Amino acid sequence: MRILSDDVANHAGKTITISGWIHKKRLLGGLNFINIRDRRGLTQVLVEDKKEVEKLRGLQIGTVLNVTGEVFADERAPGGAEIHEAKLEVITPVIDAPPVEIDKPLDHKPDNLDTLFEYRPIGLRNLQEAAILKIQAVVKDAVRKELQANDFIEFNSPKLLPGATEGGAEVFKLDYFGKEATLAQSAQFYKQILVGVFERAFEINPTYRAELSATTRHMTEFMHIDAEAGFVTFDELMEIMSGVVNAAVEAAWATYEPELKRWNATKPKLPKVFPQITMAEIHEKFSKATGTNTVGEKDLRPEEEKWICEWAKKNLDTDALFVTEWPASEAKFYHKLDDKKPEFALRCDLLFRGVEISTGSMRENDYNVLLEQLKIIGADIEHPGFKYYLMAFKYGLPPHGGFGMGLERLTQKIIGLNNVKEASAFPRDINRLAP
RNA sequence: GGGCUCGUGGUGUAGAGGCCUAACAUGCCUCCCUGUCACGGAGGAGAUCGCCGGUUCGAAUCCGGUCGGGCCCGCCA
């Protein structure tokens, strides 16, 4: 029966068999140490028999094998135990040396990201690379559980759509049996429709943006946490968003603290509900502090996002905050304007460690007002992209709001990675479609 | 789409007109080594310096073009 690496120490004095990949060889002559990697971690194997060592001649890191031997508790061994008098049985020999070294930290310098992604299929076997994906899996799971705990029902919306409707970002077009289809930029319309069904709904699925953006925070395909809730107030929406980020951070640190520390990550300071700062306030503070005048601008510059996050860290002891009071003139047709201050949309951007990881807003739920707002942008309300969306409103949607959050950006900022792509197993950007 | 940058053995770097017959680290191969954990030691193979053209007695090095990266802006998660 196969024993897994984290269970080896429990079998001291017994003969066991482990299976996995050669992760590292340290051949000292008489004493030969081999680290075997399996899904739980590494096991140190001590091989003294020259015949057994000879079996490894010409075989590279990555070779798959079974190792049978007796377990010895030994403080000198990593994990406190190792396998002695090992018999090796090669299952899958590897002849060619891997192009990147997987037993030591891989280079994440911006200049070398291309190499990192080029050799991803084997680079991911590096324990630190794999740790990113494991942390992300826990983050995703925590987000799901947090939303479920708040009565959100998970669903899946289609990614093949009849046309570009949401506006804003560029959309991918593709041939659909002779007709033009597009790839979903978000689950926006569907999650709103689902408010009429579940009241609270969410999904975590890939979405697509055809932006010609080559920055450290853009991919053309990313995992989108899309949530929508009926009968919520703007403040309640921000509480939910804060809760999601808090849950993700807590779960990541509770599960993978050693891995996070290996990435030199520090645990973010996060209040239960993140503070709000209006865009005008940010412009004012930034302009005063830096001498660059942004007062009156209708969006935040990336440098302002970084700056206000540093300011909030120092002055409010928080790594996250909400930007509120977005100019109504820049609002999307589905945004709800503030009744008390109609010059603003009820929108909140969640900045986390210098980057926008989420945008939330209250939505216009009045069918007739929505039609008016669609008219302004010149939308064809009979287009199938709008028709079914509007159907939900015509037959009753309550006041509601929701948010979209980038899973990779969230992971990136929890770990402290420089580029979102580093938080993706197989990132897609404007010039990378493979692996 | 605009701007700025960078392409040198498998990988990461040094070299910035002649000392380059291209250096170093790591990986790989051979040998030595009984407690390694970035093991150590000795030796070896491996690069027409992204590509094309130009300047020059001479180009990895200067110039032009081209291809491929990276970073920033716009836009966004």
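Chain A is the first sequence line, chain B the second, and so forth, proteins listed ahead of strands; every chain is numbered from 1. Fair warning: this is a prediction, and the values are worked out from it, not measured in the lab.
Nucleic acid contact class of A:T207 (heavy atoms, under 4.0 Å, all strands): none. The residue A:D226 sits apart from the nucleic acid: no heavy atom pair falls under 4.0 Å. Residue A:I357 is in sugar-phosphate contact alone, with no base atom involved, counting any heavy-atom pair closer than 4.0 Å across all strands shown. Residue contacts shown for A:S358 are limited to sugar-phosphate atoms, with no base heavy atom under 4.0 Å away. Among the heavy atoms of the strands lying under 4.0 Å from A:N112 are primed sugar atoms or P, OP1, OP2 only; no base atom is included. Heavy atoms of A:E48 sit under 4.0 angstrom from at least one base atom. Nucleic acid contact for A:L46: base, since at least one base atom lies under 4.0 Å from a heavy atom of the residue. Among the heavy atoms of the strands, none lies under 4.0 Å from A:M223. Residue-level contact check: A:E82 touches the bases, meaning some heavy atom is under 4.0 Å from a base atom. Among the atoms of the strands shown, none is found under 4.0 Å from any heavy atom of A:L407. Using a 4.0 Å heavy-atom cutoff across all strands shown, A:P78 reaches at least one base atom of the nucleic acid. Looking at heavy-atom distances under 4.0 Å, A:T359 makes contact with sugar-phosphate atoms alone, never a base. Within 4.0 Å (heavy atoms only), A:N431 reaches sugar-phosphate atoms of the nucleic acid but no base atom. Heavy atoms of A:H108 sit nowhere under 4.0 angstrom from any nucleic acid atom.
The side-chain ring of A:F33 is not stacked on the base of B:G35, judged by centre separation under 5.5 angstrom and plane angle under 30 degrees.
Which of B:G10, B:U36, B:C71 sits closest to the side chain of A:L28 comes down to B:U36. With B:U11, B:U36, B:G35 as the choices, the nucleotide that has an atom nearest any side-chain atom of A:E101 turns out to be B:U11. The side chain of A:R57 approaches B:U30 more closely than any other nucleotide in the set B:C76, B:U30, B:C37.
No N or O donor and acceptor, one from the side chain of A:R26 and one from the base of B:C33, sit under 3.5 Å apart. For A:S213 against B:G74, a side-chain-to-base donor-acceptor contact under 3.5 Å is present.
Salt bridge present: A:E118 and A:R432 bring a charged side-chain N and a carboxylate O closer than 4.0 Å.
Within 6.0 Å of atom CD in A:E70, more than 12 heavy atoms from other residues, nucleotides or ligands are found, so the atom counts as buried in its surroundings.
Side chain of A:T220 to main chain of A:R428: a donor-acceptor pair is present (N/O by atom type, distance under 3.5 Å, no hydrogens or angles).
Comparing A:E305 and A:N418 against RNA chain B, the residue whose closest nucleotide sits nearer the 5' end is A:N418. Across the interface with RNA chain B, nearest-nucleotide mapping of A:T220 and A:L300 shows A:L300 to be the residue nearer the 5′ end.
Base pairing of B:G1: its partner is B:C73, meeting the Watson-Crick or G-U wobble criterion (both donor-acceptor distances under 3.5 Å). When both distances must be under 3.5 Å, the Watson-Crick or G-U wobble mate of B:A23 is B:U13. In this structure, B:C33 forms no base pair with any nucleotide, since neither Watson-Crick nor G-U wobble geometry is met with both distances under 3.5 Å.
Here the C1' atom of nucleotide B:C71 and the NZ atom of A:K306 are 11 Å apart, to the nearest Å.
The CD1 atom of A:I18 sits 10.0 Å away from atom CD1 of A:I3, with the distance rounded to the nearest 0.5 Å.
Taking atom C1' in both B:G10 and B:G27, one finds a spacing of 7 Å when rounded to whole Å. Comparing the P positions of B:U13 and B:C20 gives a spacing of 24 Å, expressed to the nearest Å.
Note: A:H84 and A:F72 have parallel aromatic rings, judged against thresholds of 30 and 60 degrees for the angle between ring planes. Classification of the A:F386-A:H383 ring pair by plane angle, with boundaries at 30° and 60°, yields perpendicular.
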